[in-house]
Amino acid sequence: MQLAPHLPKSGRRGGRWIDHRTVINGILFHVRTGVPWRDLPERFGSWKTVYERHRRWSADGTWERILQAVLAEADSQGCIDWSMVSVDSTSCRAHQHAAGAPRRTPRIPKRRSTPPQHRPDEGLGRSRGGQTSKIHLAGEGGRRPLAFLITPGQRGDCPQLVPALERIRIKRPGGGHPRTRPDHVGGDKAYSSRRNRRYLRRRQIKHTIPEPKDQRANRRRRGSRGGRPAGFDEEMYKRGNEAERTINRLKHFRAVATRYDKRAYVFHGTVTIASIRLWIRP
């Protein structure tokens, strides 16, 4: 089991967490099929045990630490394609059961702190199609996710490019600073802004983001004050569909394609599990 070295220790005094395998299989079954927790097959044990383990590990960051460990191992084996990191977003329709979360601030079990991925708005936004959440994803060239964040569905894509890239932190096996900078960043017109380009230039990251017509016209109208035209590599832009294909693979998990979780930090854990599954899949 590839996850075993990264899981919390089991078999402690009191018989807590004697076996992780059955519970994790139940969590993976739910994420893949989207089945309600109460309808989990009996072979996975008590549904409440499976759900509480998933909620606890989503709250205290266990799933996030496992994903970072899997990414670090993949990077040490040269399995991460840093030549092109594409940024894109996708909307996830929220089921009616995802609404109605308690107003009180959640707490990490056995602690007094708030889950790191908690959002006061619970990552839910209202649109003409109903309530939605949006996943902003940074994926590598091998069509697997490196980092993501969750916002309400009505949030724009452009302001989320910097937060999505800043979540890329791949630990190095020999120690030292984690790797946070890809060789190239690609995105569609939604991510074109002076702020984003200034951020990428400051970090010395090459980028291929097309400039919309209105921004080009505004730059020409300002003359020399408008600055130089943005660089554009047509060959690199052909790889822009890698982020869309990564999202397509991620949404094969039905609990990701449709949000059933009331809490944003639990849904973040669900997406994290799907990401882990994509990385450890042969």
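Since this is a predicted model, take the numbers as computed values, not measurements.
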*In sequence, state the C-alpha distance, the side-chain angles, and the governing distance for Cys92 and Thr132, and then conclude on side-chain contact (heavy atoms from CB on, under 4.5 Å).*
CA-CA 6 Å; Cys92 302; Thr132 56; over 6 Å; no

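- Considering only heavy atoms from C-beta on, Ile273 stays 4.5 Å or farther from His30 through its side chain.
- Side-chain contact between Ile24 and Trp57 is present, with at least one heavy-atom pair separated by less than 4.5 Å.
- Residue pairs meeting the side chain to side chain donor-acceptor pair (under 3.5 Å) criterion with at least one partner in residues 134-149, sequence neighbours excluded, are Lys134-Asp157, His136-Thr151, Glu140-Arg144.
- Rounding to the nearest 0.5 Å places CG of Asn241 at 11.5 Å from CD1 of Ile247.
- Counting only residues at least two apart or on different chains, the salt bridge (charged side-chain N to carboxylate O under 4.0 Å, His left out) pairs with a member in residues 164-179 are Arg179-Asp183.
- Put simply, the side chain of Asp81 reaches to within 4.5 Å of the side chain of Arg239, judged on heavy atoms.
- With a 4.5 Å cut-off on side-chain heavy atoms, Val185 and Tyr191 do not count as touching.
- In the hydrophobic clustering (ILVMFWY side chains linked at under 4.5 Å, chained through shared members), Tyr265 is joined by Val266.
- When side chains are defined from C-beta on, Glu122 does not count as touching Lys262, because their heavy atoms never get closer than 4.5 Å.
- Sorted pairs that involve residues 191-204 and meet salt bridge (charged side-chain N to carboxylate O under 4.0 Å, His left out), not counting sequence neighbours, are lacking altogether.
- Under the rule for a side-chain contact (heavy atoms from CB on, under 4.5 Å), the partners of Gln154 that lie at least two apart in sequence or sit in another chain are Pro152.
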*Steps toward side-chain contact (heavy atoms from CB on, under 4.5 Å) verdict (His252, Asn248)*: CA-CA 7 Å; His252 284 177; Asn248 185 33; 3.8 Å; yes

Side-chain donor-acceptor contacts of residues 33-44 below 3.5 Å, not counting sequence neighbours, with atom names and distances?
residue : atom : partner : partner atom : Å
Thr33   : OG1  : Phe29   : O            : 2.7
Thr33   : OG1  : Val35   : N            : 3.3

*Kindly indicate, with the supporting measurements, whether the criterion side-chain contact (heavy atoms from CB on, under 4.5 Å) is fulfilled by Thr270 and Phe253.*
CA-CA 9 Å; Thr270 299; Phe253 297 87; over 6 Å; no

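- Contact record, Pro145 with Ser275: CG-OG, 3.4 Å, taken as the closest heavy-atom pair.
- Taking the side chain as every heavy atom from C-beta outward, His54 and Trp63 approach each other to under 4.5 Å.
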*Going through the distances and angles, do Thr62 and Arg56 end up as a side-chain contact (heavy atoms from CB on, under 4.5 Å)?*
CA-CA 8 Å; Thr62 298; Arg56 178 186 295 270; over 6 Å; no

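- Listed by first then second residue, pairs satisfying side chain to side chain donor-acceptor pair (under 3.5 Å) with a partner in residues 94-105 number zero, not counting sequence neighbours.
- Applying the side-chain contact (heavy atoms from CB on, under 4.5 Å) rule to Glu235 yields the partners Asp233, Lys238; only residues at least two apart in sequence or on another chain are considered.
- Around NZ of Lys251, the count of heavy atoms belonging to other residues, nucleotides or ligands within 6.0 Å exceeds 12.
- By the 4.5 Å heavy-atom criterion applied to side chains, Leu250 and Thr90 are not counted as neighbours.
- Listed by first and then second residue, the salt bridge (charged side-chain N to carboxylate O under 4.0 Å, His left out) pairs involving residues 86-101 amount to none (not counting sequence neighbours).
- Under the rule for a side-chain contact (heavy atoms from CB on, under 4.5 Å), the partners of Ala69 that lie at least two apart in sequence or sit in another chain are His6.
- Think of Met84 as one node in a network of Ile, Leu, Val, Met, Phe, Trp and Tyr side chains linked at under 4.5 Å; its network also takes in Met236.
- Interatomic distance, CD1 of Ile150 versus CZ of Arg119, reported as 9.0 Å (0.5 Å rounding).
- A continuous path of hydrophobic side-chain contacts links Val50 to Phe267 [ILVMFWY only; heavy atoms under 4.5 Å].
- We find the CD-CD1 distance between Glu73 and Ile170 to be 12.5 Å, quoted to the nearest 0.5 Å.
- The ring-ring contact (aromatic ring centres under 6.0 Å, His included) test applied to His268 returns Phe148, not counting sequence neighbours.
- By the 4.0 Å N-to-carboxylate-O rule, Arg245 lies too far from Glu242 to be salt-bridged with it.
- For the pair Val87/Ile209, no side-chain contact is recorded, criterion being any heavy-atom separation below 4.5 Å from C-beta on.
- Residue Arg254 places its CZ atom among 12 or fewer non-hydrogen atoms of other residues, nucleotides or ligands, all under 6.0 Å distant.
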